[in-house]
Structures are given as structure tokens and as C-alpha cells.
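The block underneath contains the structure these notes are about, expressed in C-alpha cells.
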Protein chains: 2
Amino acid sequence: MTDLLPPIQTTARDDAVLKALAGFVRREALGPGEKLPTERILAERLKVSRNTVREALTRWEGLGLVERRQGSGTYLKAAVSPDMLHMPLTLAGGNDFAGLMATLEIRRALEAEAAALCAIRAGKAELAEIERKLDLMEEAFQTRAGMSSDEDWEFHQAVFRASGNPLFEQIIAAMYEMFHRFWEHPLGVRDFGHASFPYHRTIFNCIAARDPDGARAEALKLIATVEDDLKRGAANLKLSDRR
Amino acid sequence: MTDLLPPIQTTARDDAVLKALAGFVRREALGPGEKLPTERILAERLKVSRNTVREALTRWEGLGLVERRQGSGTYLKAAVSPDMLHMPLTLAGGNDFAGLMATLEIRRALEAEAAALCAIRAGKAELAEIERKLDLMEEAFQTRAGMSSDEDWEFHQAVFRASGNPLFEQIIAAMYEMFHRFWEHPLGVRDFGHASFPYHRTIFNCIAARDPDGARAEALKLIATVEDDLKRGAANLKLSDRR
DNA sequence: GTGCAGAAATTGGTTGGACCATTGAACCAC
DNA sequence: GTGGTTCAATGGTCCAACCAATTTCTGCAC
């Protein structure tokens, strides 16, 4: 009963532009990295002002679907389709220890679930991809004698992708970014993340063995080590300088 | 080694405008529903073109932070702060059963964790608030002989708030909105959510008894009933009309 | 004074045209 | 090849005007 009879749209130029553009992308089968028509061309073809085109593209840019490079052009950054659903999530950033712990609690919940789902759903190709990332990570660990956050993150991303639910990757990416925003040096803990290393392999083993509950349990252990590192770091911080 | 030497930013007019505006909102202590200065005023004060102001506001509008009403003004729709993190979530081809299930999987993970944390952390006042919402929900259930999604949602929100982690509420709210966007009628299932009713009380009991594992288990059962309803709905849909 | 229709002012939405800043390719001297 | 220079293409910004929806004011009838 609530919103039947939605308000009619007498004007919706921007949306119309985006709809047309999404259709264009589909027809031309454009993928990430490919170049869109220039703003001037779009304005002319769609019979709208270039300014309107720009507002529409600004929306897509804000959604991370598109990247504009001055002097070069506008490029697709993600797959777009006419029937996408957008859900902007804005997080009030807590720039303190509590904020970090908050992101970790979200990670704990999602990471465990994703690992479990992955153990159920991952196909052969995805399993191989996860193992490849795992090997890369372990190699980096040997070489540099410590955790490499890039390879580590790629491993986790591969797991999220294989979970069959794109939301996992997107949401945890937000947590990850939030986590790294005020964490250039991990609060003075030198071997941050070191303890988490072995659990990557155990998680993979559970996934490969199609053992959801095991994968969930190992993921929880992994997050627990990170939480522990964080708490140690907070203790260090409290000792050294209280800004 | 990865991203030292980040690309320098020579111009960032839009961002500068938004930063200034966020500062303004904070200084004036503006909250949701309140009116922002007009585009013309902003352009004049910030010494930028009105066009630039519009592109900046378009970004905020796309993020759902602001609402523009022609002839009236621009109004705040959510709390904004200078240190927000924006994470637009996009679900490709979300208008189908798979999209609904995707949001539910996120809910399953977060809802269980939030309930467990709540059982650990909720204070007396928060506990009372949750029980109040529970009573309201049960009353509405008796009166209307069915689940009321408003009261139901308020109960869950109260739990998230008492979890001590604001991210739970924010993220699940986004899932909730996405869920309801293509779910006017619950796919032909008349008593949608009916089966979930008793678990609200059992969740609360576990929380009040400080039993995190129990709360988690009951929350999982609740989500399971919703998933079940959803699957029944999908089956109905497949039988009736295949558009 | 009250109520209400119509005028006027306000405000976001759109347009067209102009110019600036950056990019990338073509070209040239060495 | 290397390193500059030129030049066209492209996104970024600005301006001035007008359109469309909304709000506010005005003045008249009662």
C-alpha cells in the first residue's frame, strides 16, 4: 500500500542519459578498461547539453563505475549493465582504535561466512585460482621474511570471489580500506600479521576438502590473530606516546 | 613498496567543495532534514562556478547524502562528517532471486555476529530497549495476525545498536534497503516472515541470558526461515508466470 | 481579520558557448 | 633511439541566460 502510484517523472535527464549509455555499453559489449564516447559526442548524439552528460557521468564516477582522465577520455572501470542495483554505503569513520576493532568485527563475520560458502560453491577453476594466490603469498612470505599485505589481500579476494556473492568482496573491501586509512605502520607492531600466516593454508585446505564448518573455524582463528596483533599494538601505543 | 609516490593532485575542485561543505555542516551542526545553502550562494562564497557546485552536490546526491528539490532547495538526508568513507555497492543484474539471496547471505553473517556481540556487551538500558521493541513487535503480530516489517526491523536495529559496533547497523541497513527495493510483494508468499516470529523472542532470551553462542544460533535459525520463504516464493514465481 | 487566487521571487535543472589544463600522438632536431 | 616541440583531442571550469517547480508575498473579496 505504501508506494503504488510512484510520482511521475516529468524530467529525469541524467537518468535517461545513464540508461542510454548503459544500453550503449551493452550493445557494444564494452568491458572494463574500454573507452566511452567523449562527452561532446554523447551530448550531440543524445541531444542534451554537455553539462547534463557531465552530471550523469559524475554520478557513475561516484559509483566507481567509470574513470575520467582529463585530456584522454572516460573509461569503464567496472562492468555496467542496464539493470544494476546501487546501494551507496557511507561509513562514519572512527579514526581510532575502536574504529579499527569495529572493522575487524565485520571482517570476522563476513570472512567466516565467505570461507564457508566458498567451500560449498567454489568450482575447479576458482579453487585453482585461490591456490595460486596462496602460493604467491607463501612465496612472498619466504622471500621477505614477513607478511606481504598485497599478496595476503589478493588471497582473501580470491576466496570472496569464489563465494559466489559479489557483496562479500565489495563490503570487505570497504573494511579493508577503512582499516588501512590510519594504519601506515601497524601501531608499532613490527611483525604484524605474522601469526595469521599458517591459517591461510588451513583455510584453503578446508575449502578444497569441501568442509564449510572447518573453513569457517579457520577463518575465525585467522581474524583472532589479527585482533590480537591489534591489541598488542594498542598497548604499545598507550605506552609510548599519548597524542 | 607499492604506493609510495602516489600521484599528486593538482586540481580537485569538486572534492574541495565537498570538503568545505562538510566542514560547514559540522560547524553549523546541521542534521538530516535541514536545508543547505543554495547553489548560487555556495558558488559565490566558495568562489567557484555554480556548475562546479552542482557537480559536487550531484556526487552527494548519488551517495544518498542529500536530496535536491527543485524550487525549494537542497536538504540533508543523512548525517555527514568530513571523514566519511564512501563505498558504493553494486549488484549486477540484481533484479532477481540471486540478488535477494546475496543480501540475505550478508545478513546471515552479520546478524549472527551482531546478536552474539550484543549478548556480550548490551547494557541494562539497551536490553530494556530491545525488549520494548520486541513487545511492540509481538503486539503488532497479534493485532494484525502477521509479521509487520516495520516493527520487525526496529527490533533488529535495536540489537545492532546494542552490539556496540555502528557498522553493523549501517551495513545491514543497506542490505535491508536493497532487499525491499524489488520486493513489493514477497513473491506471492502471503505469510512471508511468519515463520521467523518465534525466533525474535528466543534471540532476546539468549541475549538477556548473556549467551552469545545461543544468540548466534537463534539468529541463524531466523535467517534460515526467511531464506526458506524466499525459496518458496521463487518456486511460486516459476510456476505461475515466466515473464 | 480571513481566505484565497494570482503575481513575484526563489531555487534547482538545462542550455550553449567559451576558455583552461592535461594528455597523447606526430614530428623534428640531435 | 632520445629528448624536446607542436598540436589536436578531451575532460575541467566558468559564465550568462533561460526553463520549471516551489515557495512566498500581495491584494482583493468577503
Side-chain angles (χ1 to χ4, degrees), chain A residues 5-22 24-25 28 30 32-78 80, chain B residues 5-22 24-25 28 30 32-78 80:
Chain A
L5 284 183
I8 62 167
Q9 284 296 358
T10 161
T11 51
R13 298 289 247 242
D14 322 14
D15 285 335
V17 168
L18 288 183
K19 219 174 110 189
L21 198 51
F24 175 82
V25 168
E28 300 287 316
L30 296 182
E34 298 199 72
K35 190 175 167 185
L36 295 178
T38 71
E39 298 177 351
R40 288 172 173 87
I41 299 278
L42 285 175
E44 181 191 354
R45 293 281 204 283
L46 298 175
K47 293 291 178 199
V48 296
S49 140
R50 185 179 154 219
N51 231 320
T52 304
V53 171
R54 280 187 60 76
E55 292 220 3
L57 286 178
T58 298
R59 284 241 274 283
W60 267 15
E61 190 184 27
L63 260 38
L65 298 178
V66 116
E67 180 183 354
R68 296 150 116 178
R69 288 205 284 270
Q70 183 173 173
S72 177
T74 304
Y75 300 84
L76 273 179
K77 222 168 97 179
V80 311
Chain B
L5 285 183
I8 63 170
Q9 281 295 0
T10 161
T11 51
R13 295 287 245 253
D14 321 11
D15 283 336
V17 168
L18 288 184
K19 218 174 112 189
L21 199 50
F24 175 81
V25 168
E28 299 288 315
L30 296 183
E34 298 200 73
K35 189 174 167 185
L36 295 178
T38 70
E39 298 177 350
R40 288 172 174 88
I41 301 274
L42 285 173
E44 181 191 354
R45 293 282 204 282
L46 299 174
K47 292 293 180 198
V48 296
S49 140
R50 186 176 155 221
N51 228 320
T52 304
V53 171
R54 281 187 61 76
E55 291 220 5
L57 286 179
T58 298
R59 285 239 276 281
W60 268 14
E61 189 185 29
L63 262 38
L65 297 178
V66 115
E67 179 183 354
R68 296 151 118 177
R69 288 205 284 270
Q70 184 174 174
S72 177
T74 303
Y75 300 84
L76 273 179
K77 225 166 94 179
V80 311

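Just so we're on the same page: letters track the sequence lines, and every chain starts at 1.
Position along DNA chain D of the nearest nucleotide to Asn51(B) versus Gly73(A) favours Gly73(A) as the more 5'-ward residue. Remark on DNA chain C: of its neighbouring residues Lys35(B) and Arg69(A), the 5'-side contact belongs to Lys35(B), judged by nearest-heavy-atom nucleotide. Residue order along DNA chain C, read from the 5' end via each residue's closest nucleotide, puts Lys47(A) first among Lys47(A) and Arg40(A).
The separation between Tyr75(B) atom OH and dT10(C) atom C1' is 11 Å, rounded to whole Å. The CD-P distance, from Glu44(A) to dG16(C), rounds to 12 Å in whole Å. The CZ atom of Arg50(A) sits 11 Å away from the C1' atom of dG17(C) (whole-angstrom rounding). Remark: C1' of dG12(D) and CZ of Arg59(B) are 12 Å apart, rounded to the nearest angstrom. Rounded to a whole Å, the CG atom of Leu36(B) is 13 Å from the C1' atom of dT11(C). Between the CG atom of Leu42(B) and the C1' atom of dT11(C) there is a distance of 12 Å, given to the nearest Å. One interatomic measurement links the two molecules: CD of Glu55(B) to P of dT13(D), which rounds to 7 Å at whole-angstrom precision. Atom CG of Asp14(A) and atom P of dG12(C) are 15 Å apart (whole Å).
Of the side-chain N and O atoms in Thr38(A), none sit less than 4.0 angstrom from OP1 or OP2 of dA9(D). Contact annotation: Thr52(A) side-chain N/O to dG13(C) OP1/OP2 distance is not under 4.0 Å. For dG13(C), the OP1/OP2 oxygens have a side-chain nitrogen or oxygen of Arg68(B) closer than 4.0 Å.
Within the helix from dG1(C)-dC30(D) to dC30(C)-dG1(D), the inter-axis angle between the opening and closing five-pair segments is 10°, rounded to 10°.
The side chain of Glu39(B) approaches dG12(C) more closely than any other nucleotide in the set dT14(C), dA18(C), dG12(C). Taking every side-chain heavy atom of Gln70(B) into account, dA21(D) is the closest of dT15(C), dA17(D), dA21(D).
With respect to the salt-bridge test (charged N to carboxylate O, under 4.0 angstrom), the residues Glu55(B) and Arg13(B) do not qualify. Ion pairing between a basic and an acidic side chain is recognised when a charged N comes within 4.0 Å of a carboxylate O; Arg50(A) and Glu39(A) show such pairing.
Side-chain contact of Arg68(B) with Thr58(B): a donor-acceptor pair under 3.5 Å is present, judged by distance alone.
How far CZ of Arg59(A) is from CG of Leu57(A): 10.5 Å, rounded to the nearest 0.5 Å.
Annotation: side chain of Phe24(B) is in contact with side chain of Pro37(B) (closest heavy-atom distance under 4.5 Å).
Counting any heavy atom pair closer than 4.0 Å across all strands shown, Arg54(A) reaches a base atom.
Put simply, the side chain of Lys35(B) gets close to the backbone of Ser72(B): a donor and an acceptor are under 3.5 Å apart.
Of the residues Leu30(A), Leu65(A), Leu18(A), the one that meets the side-chain contact (heavy atoms from CB on, under 4.5 Å) test with Val80(A) is Leu65(A).
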